[in-house]
Every structure is written in C-alpha cells, then in structure tokens.
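The structure appears right after this line, and notes come after that.
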Number of protein chains: 2
Amino acid sequence: MRTMSPPVGLPALNETDLVGQVARRLTEAIVQGRLPPGSKVVEAGIARELGVSRAPVREAARLLEQQGLLVAHPRRGFFVREFAADDIDEIYDLRLCVERHAAVLAARNLTPETRDMLRRQIEVLHEMADLDDPARQVEEDYRFHRLICEIAGNKRMLRLFDDLASELRMLIGLIGRLYDDPHEIARTHEPVLAAIEAGHPERIVAHVDYHIGHARREVGRLVRDIAPWPAAAK
Amino acid sequence: MRTMSPPVGLPALNETDLVGQVARRLTEAIVQGRLPPGSKVVEAGIARELGVSRAPVREAARLLEQQGLLVAHPRRGFFVREFAADDIDEIYDLRLCVERHAAVLAARNLTPETRDMLRRQIEVLHEMADLDDPARQVEEDYRFHRLICEIAGNKRMLRLFDDLASELRMLIGLIGRLYDDPHEIARTHEPVLAAIEAGHPERIVAHVDYHIGHARREVGRLVRDIAPWPAAAK
DNA sequence: TAATCGCCGATTGTCGACAGTTTAGACTTG
DNA sequence: CAAGTCTAAACTGTCGACAATCGGCGATTA
C-alpha cells in the first residue's frame with residue numbers, strides 16, 4: 001500500500017514563504033520605480049505595510065542586497081541602490097561577457113525544440129510591439145535572452161543573468177519609456193538567433209556584441225538624458 | 001577656519017557586524033571541510049556555539065545561500081551544498097567565461113604598477129611552493145586571479161569571481177591536497193601574465209583557456225578519485 | 001552668524017519566546 | 001522480520017520587546 005508521496009508533479013506550494021514573498025514585493029516596488037534609488041528602506045515601515053514582523057523583512061533585504069538592488073549601511077539601514085555611469089558600463093560589460101558565452105553554448109546544445117522556442121519568442125516580441133506596454137515589452141525581451149541562457153544549460157550562469165536583468169529592469173523602469181521602436185527591437189533579435197542556428201562561434205559573438213552594444217548605447221543615452229535621477233525621497 | 005572633519009584617514013571601524021562575522025565563521029567551517037556537503041546547519045546549534053541568537057545566524061545563512069554555499073529547504077533548514085560532476089563543470093565554465101573577459105580588460109588597463117603586482121604575486125606563488133601548506137597555496141593562487149579581476153576594474157565581475165572562488169575553495173578543501181606540484185602551478189601562471197603584458201586578446205584568451213582548463217581537469221580527476229563524498233554527518 | 005554640543009524621537013541590531021512542522025525512535029501489526 | 005503507525009523531541013518560522021545607536025533640531029558659544 002503506497003501511502004508515500006502520490007507522484008503527481010505538483011510544485012509544492014510553499015504557502016508560508018514569507019521571506020520570498022517579501023523579497024518579491026520589494027523587488028517589484030524597486031523596479032517599478034516606487035522606492036526610487038537612494039531612498040531608505042525602513043524595516044518597520046515595510047513590515048507594517050505587509051502585515052508581518054521585521055525579521056522576514058530583514059532577511060528579504062539581505063537577499064536583495066546580495067542581488068545588488070539594495071545596499072546596506074550598517075546601523076543606518078538599507079538603501080535602494082543608486083546607479084552611476086560606471087554601474088551601467090559594468091552591468092553591460094558583464095552581460096556581454098555572459099551572453100557571448102551563453103549563446104555559443106546554446107548553439108552547441110540547440111535542438112529543434114529549443115530552436116522553435118527561440119523563434120516563437122521573437123514572434124512574441126513582434127506581437128508585443130503593437131501593444132503599448134513598455135514593461136511587458138522589456139519583460140519579453142529579457143525572456144528571449146534568458147531562454148538562451150537556459151538552453152546553454154548552466155544554472156549558475158542563468159542565475160547571474162537573472163541578477164543582472166533585475167538590475168537592468170530597475171534601470172529601465174526608471175527610464176520609464178522604451179529606448180527604441182518596438183518592432184525595431186524585435187527585429188534586432190533575429191540576426192542573433194540566425195547566428196546561433198548557423199553555429200559559427202565567431203559570428204555568434206559578433207552578433208551578440210552588436211545587439212547588446214546597441215542596447216547599451218541606447219540605455220546610456222537615455223540615462224544621460226534624464227540624469228540626475230528622479231529625486232530620492234529619503 | 002576649518003573646523004570641519006579633521007582629514008585623518010581612519011578606516012571607519014564597523015566592529016559590531018555580527019551577521020558578517022557569523023557568515024565568515026560559517027564559510028570558514030564549510031571550506032575547511034568541517035560541515036561537510038549535505039550536512040544540516042542547525043541554527044540553534046550555530047547560535048549557541050557562537051554565543052549569539054538565531055536571528056543573525058539566519059541572516060548569515062541567507063547570505064551564504066545566495067552565495068551558493070548553502071541550500072535552503074523550507075521548513076527543513078539549511079544544508080551545505082553538495083557538488084555533482086555537473087556543478088564542477090558549471091563552475092569552471094563560468095570561471096572561464098569571466099576570467100577570459102577579465103584578462104582582456106586587465107591587459108587594456110595594465111599600468112606599470114599593476115603589472116608589477118601581478119609579477120610579484122607569481123613570485124609569492126613560488127615562495128609558497130616550498131612551504132607545505134596547501135590551503136595557503138590555493139589562497140595565493142586565487143589572489144593572482146583575483147588581481148586580474150581587480151585590474152579589469154569591474155566590481156561586479158570581481159564579486160562574481162569571489163563567489164566562484166568560495167565554491168571552489170570548498171571543493172579544494174574537500175579534496176584536501178593540492179592537485180599538482182606547487183612549483184609547476186606557479187609556473188603555469190607565467191604564460192598568462194606574459195600574454196596579458198603582450199596584449200593580444202586572442203593569445204590572452206588562449207592562455208587563460210589553457211590554464212583554467214588544466215585546473216579543471218586536475219580538479220575533476222581528483223574529485224572522481226575521492227567520490228563519493230566524505231560522509232555527510234547529517 | 002556660523003559652527004558645535006547635547007538632547008530626543010526614530011530606527012536598527014539582537015534577543016528570547018511560542019506555535020506549527022518535521023524528524024527520529026519506540027511500538028504495533030501483518 | 002518488514003512495513004507501517006504513533007509519540008515525543010528537535011527544529012524552523014515568526015513575532016514582539018528592549019537596549020544601543022543614529023540623525024535632526026534647537027540651544028549654546030565664540
């Protein structure tokens with residue numbers, strides 16, 4: 001008689017993962033631009049607002065700190081990370097480094113299924129282009145790049161990508177509008193996929209470089225436009 | 001009359017960072033092989049042993065979790081990360097990806113001072129070779145590679161390197177002995193530095209690939225030798 | 001007038017406690 | 001004897017409390 005785990009693959013709903021929930025809420029608030037860069041994150045305030053005690057909030061804050069969204073000043077509290085021009089360079093440099101590698105690996109692992117997923121995602125990008133929803137557009141954009149990292153098959157690399165993406169989401173959220181024509185953005189993904197399908201490492205790297213370099217320049221330009229930052233409501 | 005801040009450069013002592021201290025102690029215990037992979041980290045136990053309460057221990061554990069040294073099973077606690085063959089591949093893959101980029105950037109930023117630091121570090125490696133202290137040897141080895149990341153000048157990349165290094169330290173700590181003749185190890189760093197000094201990106205990448213590939217093979221071999229892991233005192 | 005000092009409210013760091021869950025071991029049963 | 005069941009101890013997740021510390025504001029002084 002099998003009383004043990006009925007083998008239905010239900011992804012164990014962690015009902016009571018307060019820390020995770022708090023972390024998600026905080027992340028959300030940060031990338032959406034509430035809680036602007038430099039603003040202080042008051043533990044008690046967040047706790048009260050979410051109806052929990054300070055302990056889970058502190059742990060969540062530590063998570064976001066390690067993730068780079070918050071910085072901790074001992075005895076003074078957590079603050080939303082502020083971006084300097086250097087930071088943008090750093091993030092895109094690292095992203096370039098990661099995505100080059102990921103794309104080459106993805107090409108090596110590419111199967112008909114994963115290839116179709118990538119193609120489908122570019123279609124989604126085109127479909128999104130008509131909706132006027134920058135946040136969603138950005139999200140689907142990252143999903144394409146994330147897919148490449150997934151296909152590459154290195155879990156640590158995927159997590160690194162996610163961390164970088166959350167910093168970038170914050171940045172883009174601050175900018176508030178899209179840095180280019182949505183259809184244009186969708187189109188610029190096609191050569192990257194083509195290169196991956198072709199499977200020539202050098203060509204892959206070249207196209208990834210071009211694609212990310214483009215995004216970097218656009219973001220850099222827009223950031224310079226709106227700098228200094230939206231006032232940090234301390 | 002300047003009554004403002006007497007500009008004596010005192011490096012701000014943040015004595016009371018319990019969380020940081022606990023995190024360091026835990027890291028130490030893990031990479032030294034006490035707390036073997038798979039073993040449970042009992043909050044109350046650690047807390048009692050260190051004479052603190054559970055709150056700082058939990059926060060420190062969350063840090064190490066994000067860093068990849070611990071994994072959290074909700075409602076069951078924190079466990080020391082276990083390594084599979086895949087993990088080793090992943091870590092070295094990512095390391096390759098990072099260090100290639102770092103070395104190229106470092107070559108671009110190289111100054112006489114930083115070049116001398118690298119040379120000096122190789123000397124240190126040779127000096128260490130005669131002492132019979134594997135842990136120290138490994139430490140100085142990483143310090144060379146870390147220097148390259150520092151010179152590259154990307155703080156995020158440096159942090160990523162540190163994270164990878166702490167996982168590798170844990171691995172090496174488990175192996176317990178050095179995977180090669182110490183002098184040989186010291187020597188294998190020289191072509192890398194030479195390539196960086198020469199400044200040809202392709203040659204840099206080639207030498208970094210060779211150097212890291214070598215380490216990866218050696219570690220992989222030794223890990224296969226001693227697998228399955230030292231019993232996890234659960 | 002401008003810089004400094006000292007106090008007060010606000011906030012952090014840490015602790016001990018409690019409820020609910022998991023685990024281990026004794027016990028039962030086929 | 002194997003498999004299952006039950007019970008008690010151990011542990012985690014969360015909370016509220018308290019002391020230490022920080023930042024701001026007004027008083028003080030040159």
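So that the names make sense, note that chain A is the first sequence line, chain B the second, and so on, each numbered from 1. What you are looking at is a predicted structure, and each value in this text was computed from that prediction instead of being measured.
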Handout entry: Length of the CD-P vector between Glu59(B) and dT12(C), whole Å
Key = 12 Å
Fill in the blank from the handout: Note: for Val42(B) and Ala55(A) on DNA chain D, the residue whose nearest nucleotide lies more 5' is Val42(B)
Exercise for the section: Please check the phosphate of dG13(C) (OP1 and OP2 only) for any side-chain N or O of Arg58(A) closer than 4.0 Å. Expected result: yes
Handout entry: Out of dG13(D), dT21(D), dT14(C), whichever nucleotide has its closest atom nearest the side chain of Leu18(B)
Key = dT14(C)
Handout entry: Atom-pair distance (CD on Glu43(A); P on dG16(D)), nearest Å
Key = 15 Å
Practice task
Would you kindly give the CZ-to-P distance between Arg48(A) and dG16(D), to the nearest whole Å?
Solution key: 12 Å
Practice task
Quickly work out the Phe79(B) CZ to dT22(C) C1' distance and round it to whole Å.
Solution key: 10 Å
Exercise for the section: May I ask you to check whether His101(A) and His101(B) place their ring centres under 6.0 Å from each other? Expected result: no
Exercise for the section: Mark yes or no for whether Glu43(B), through its side chain, and Arg54(B), through its backbone, hold a donor-acceptor pair below 3.5 Å. Expected result: no
Exercise for the section: Keeping the roles fixed (side chain from Gln121(B), backbone from Glu140(B)), state whether a donor-acceptor pair exists under 3.5 Å. Expected result: yes
Practice task
Ignoring hydrogens and angles, tell me if any N or O in the side chain of Asp163(B) forms a donor-acceptor pair with the backbone of Gln67(B) under 3.5 Å.
Solution key: no
Problem - Under 4.0 angstrom between Lys40(B) side-chain N/O and dT12(D) OP1 or OP2 - result: yes
Completion exercise
Walking DNA chain D from its 5' end, the first of Ala44(B) and Val52(A) to be reached, judged by nearest nucleotide, is Ala44(B)
Practice task
Could you tell me whether a side-chain N or O of Arg159(A) sits under 3.5 Å from a main-chain N or O of Gln66(B), the two making a donor and an acceptor?
Solution key: yes
Problem - Under-4.0 Å side-chain N/O to phosphate OP1/OP2 contact, Ser53(B) with dC15(C) - result: yes
Fill in the blank from the handout: Rounded to whole Å, the CZ-P distance (Arg62(B) to dG13(D)) equals 7 Å
Problem - Euclidean distance, atom CD1 of residue Ile46(B) to atom P of dC15(C) [Å, nearest integer] - result: 15 Å
Problem - Contact under 4.0 Å: Arg76(A) side-chain N or O vs dG23(D) OP1/OP2 - result: yes
Problem - Donor/acceptor link under 3.5 angstrom from Arg54(A) side chain onto base of dG13(C) - result: yes
Practice task
Under 4.0 Å between any heavy atoms, over every strand shown, what does Val41(B) touch: base, sugar-phosphate, or nothing? Just pick one.
Solution key: sugar-phosphate
Handout entry: Whole-Å gap separating C1' (dT14(D)) and CG (Asp17(A))
Key = 13 Å
Handout entry: Rounded distance (Å) that lies between atom P of dT12(C) and atom CZ of Phe78(A)
Key = 9 Å
